[in-house]
Chemist: 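The structure under discussion is supplied below as structure tokens; questions concerning it will follow.
Please read these numbers as outputs of a predicted model, since none were measured by experiment.
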Amino acid sequence: MVSAFLATGLLLVPSGHAGWRYLFLVEGLITLSIGIASTFLMPPGPTQTKAWFRPRGWFTEREEIIMVNRVLRDDHSKSDMHNRQGLTPLMMWRSICDWRMWPLYILGIMHMIPVGPPQTYLTLTLRNLGFTTTQSNLLTLPSTTLGLLNLLITSYFSERIHSRVLGSVVLQIWALPLLIALRSFGLTTNQWDYYVVVTLITGFPYVHPIQVAWASRNSGSVKTRTISASLYNMFVQAGAIVWVNIYRTNDAVSDVQPVRLQLELIFCNSHSVRVTFHRPPFVHANGL
């Protein structure tokens, strides 16, 4: 949401340089500032919050004892290793070979493909519909706001019903009717009709946090959790490479073929969620 307002203002700055240069500079400085601040604001653990710039820490000794006991009572496997203990190559290999986690990795690479392409090319699509650069940047705000609300609602829904499966499949249910509507559009479709549907698609429920939690809970140990979180995110980024190539240059006139592919992937993803749910339960083996 902030980026849309920044882009609207910075792209109109009168200067001898292109506005996008200032946009990249400002957003880069904001990201850098957050990264530097995080180094100081994020302590290694709940019992290590004291520092030279925070001499009193965040918690009392009694509060630290209560937190540690509640964490260990919730998941005893978290006592297997501390947060500064490294993983050996053998531990990493065993974690990678845990085939029970593979369905989640496959889901990570595929779950965003139905809604990713419209999101990637939203501003370009708005420009092609006849809106100016400033209007296109501002018209992305409704989808961003809707996506934020859907993220909060879906995450709360998943926690409330204690189900990662239903929380993850909400994305596919949301996208199905909207992509069917997009598939029916043609060259004579009103630009505002197209905008409404694309905005609803790009305001999809962002279920990535739910699936990260799903991978974490299914890992079964700190060792496997460390590797599975990294692998899952790598597969999600690989999925992003896939979805930016769904729309090709020859789809500029008609996007029938890519939308058809996105519809097919919705059913494939729904089946992947079901397969992931019915995978065999995790069994601790060799400490993993």
Side-chain angles (χ1 to χ4, degrees), residues 75 77 92-120 147-148 150-180 200-247 258-283 285 288:
D75 184 0
S77 68
M92 296 174 62
W93 177 247
R94 286 175 175 172
S95 298
I96 294 172
C97 292
D98 181 10
W99 59 270
R100 299 171 183 85
M101 298 297 298
W102 293 355
L104 270 172
Y105 302 151
I106 296 173
L107 190 60
I109 201 173
M110 295 179 61
H111 78 283
M112 286 274 289
I113 294 179
V115 294
Q119 182 186 42
T120 302
L148 176 61
N150 277 332
L151 166 63
L152 297 175
I153 293 171
T154 307
S155 300
Y156 176 78
F157 169 73
S158 176
E159 285 294 325
R160 188 71 176 175
I161 64 174
H162 304 291
S163 174
R164 305 292 166 265
V165 177
L166 295 179
S168 297
V169 82
V170 165
L171 170 59
Q172 313 305 323
I173 297 173
W174 175 277
L176 180 59
L178 297 172
L179 286 175
I180 292 175
L200 289 174
I201 292 175
T202 54
F204 60 88
Y206 189 58
V207 299
H208 175 63
I210 297 175
Q211 294 180 180
V212 170
W214 194 357
S216 176
R217 294 193 181 192
N218 284 10
S219 296
S221 70
V222 177
K223 306 177 186 66
T224 304
R225 187 178 296 115
T226 302
I227 301 301
S228 67
S230 302
L231 283 176
Y232 174 78
N233 278 287
M234 290 168 63
F235 275 87
V236 171
Q237 301 308 316
I241 296 175
V242 173
W243 80 57
V244 297
N245 289 284
I246 294 293
Y247 287 172
V259 173
R260 181 183 300 170
L261 174 60
Q262 289 168 258
L263 286 169
E264 293 170 353
L265 283 170
I266 285 178
F267 294 100
C268 182
N269 289 342
S270 300
H271 178 68
S272 298
V273 172
R274 186 178 67 84
V275 170
T276 305
F277 175 68
H278 288 293
R279 71 170 182 79
F282 184 88
V283 179
L288 296 177

Chemist: Is the side chain of N218 donor-acceptor paired with the backbone N or O of M101 at a distance under 3.5 Å, no angle test?
Modeler: no
Chemist: Do you know which two heavy atoms are closest between P205 and V170, and how far apart they sit?
Modeler: CG-CG1, 3.8 Å
Chemist: With a 6.0 Å cut-off on ring centres, are H208 and Y232 close enough?
Modeler: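 Yes, the ring of H208 comes within the 6.0 Å limit of the ring of Y232, centre to centre.
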Chemist: What verdict does the side-chain contact (heavy atoms from CB on, under 4.5 Å) test give for S163 and F157, after you've listed the backbone C-alpha separation in whole Å, the side-chain angles of each residue and the deciding distance to 0.1 Å?
Modeler: CA-CA 9 Å; S163 174; F157 169 73; over 6 Å; no
Chemist: Looking only at non-hydrogen atoms, find the nearest pair between N233 and A229 and report the distance.
Modeler: ND2-O, 2.8 Å
Chemist: Distance-only, no hydrogens or angles: does the S158 side chain make a donor-acceptor pair with backbone N or O of T154 under 3.5 Å?
Modeler: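 No, the answer is negative, given that no donor and acceptor are paired below the 3.5 Å cut-off.
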Chemist: Would you find a donor on one side and an acceptor on the other, under 3.5 Å apart, between the side chain of W174 and the backbone of L200?
Modeler: yes
Chemist: Any sub-3.5 Å donor-acceptor pair from S216's side-chain atoms to V212's backbone N or O?
Modeler: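 No, the answer is negative, given that no donor and acceptor are paired below the 3.5 Å cut-off.
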Chemist: So L104 and F235, do their side chains get closer than 4.5 Å, heavy atoms only?
Modeler: no
Chemist: Mark yes or no for whether W102, through its side chain, and I96, through its backbone, hold a donor-acceptor pair below 3.5 Å.
Modeler: yes
Chemist: For residues N150 and G203, report the shortest heavy-atom separation together with the two atoms involved.
Modeler: ND2-O, 2.7 Å
Chemist: Has the side chain of Q211 got a donor or acceptor atom that lies under 3.5 Å from a matching backbone atom of G167?
Modeler: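 Looks like no, no N/O pair under 3.5 Å.
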Chemist: Tell me the closest heavy-atom pair linking H111 and Q172, and the distance in Å.
Modeler: O-NE2, 3.3 Å
Chemist: Could you grab the distance from atom CZ of R164 to atom CD of E159, nearest 0.5 Å is fine?
Modeler: 4.5 Å
Chemist: How long is the straight-line distance from CG of D98 back to OH of Y105, given to the nearest 0.5 Å?
Modeler: 7.0 Å
Chemist: Which pair of non-hydrogen atoms, one from L179 and one from P114, has the smallest distance, and what is that distance?
Modeler: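 Shortest heavy-atom separation between L179 and P114 comes out as CD1-O, 3.7 Å.
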Chemist: Within the distance-only criterion (no hydrogens, no angle test), does the side chain of N245 pair as donor or acceptor with the backbone N or O of I241 below 3.5 angstrom?
Modeler: yes
Chemist: Report the distance from atom CZ of R100 to atom OG1 of T224, rounding to the nearest 0.5 Å.
Modeler: 10.0 Å
Chemist: Where do I210 and S155 land on the side-chain contact (heavy atoms from CB on, under 4.5 Å) test, with the steps shown first?
Modeler: CA-CA 6 Å; I210 297 175; S155 300; 4.3 Å; yes
Chemist: So, taking the atom named CD1 in I113 and the one named CH2 in W243, what distance separates them when rounded to the nearest 0.5 Å?
Modeler: 8.0 Å
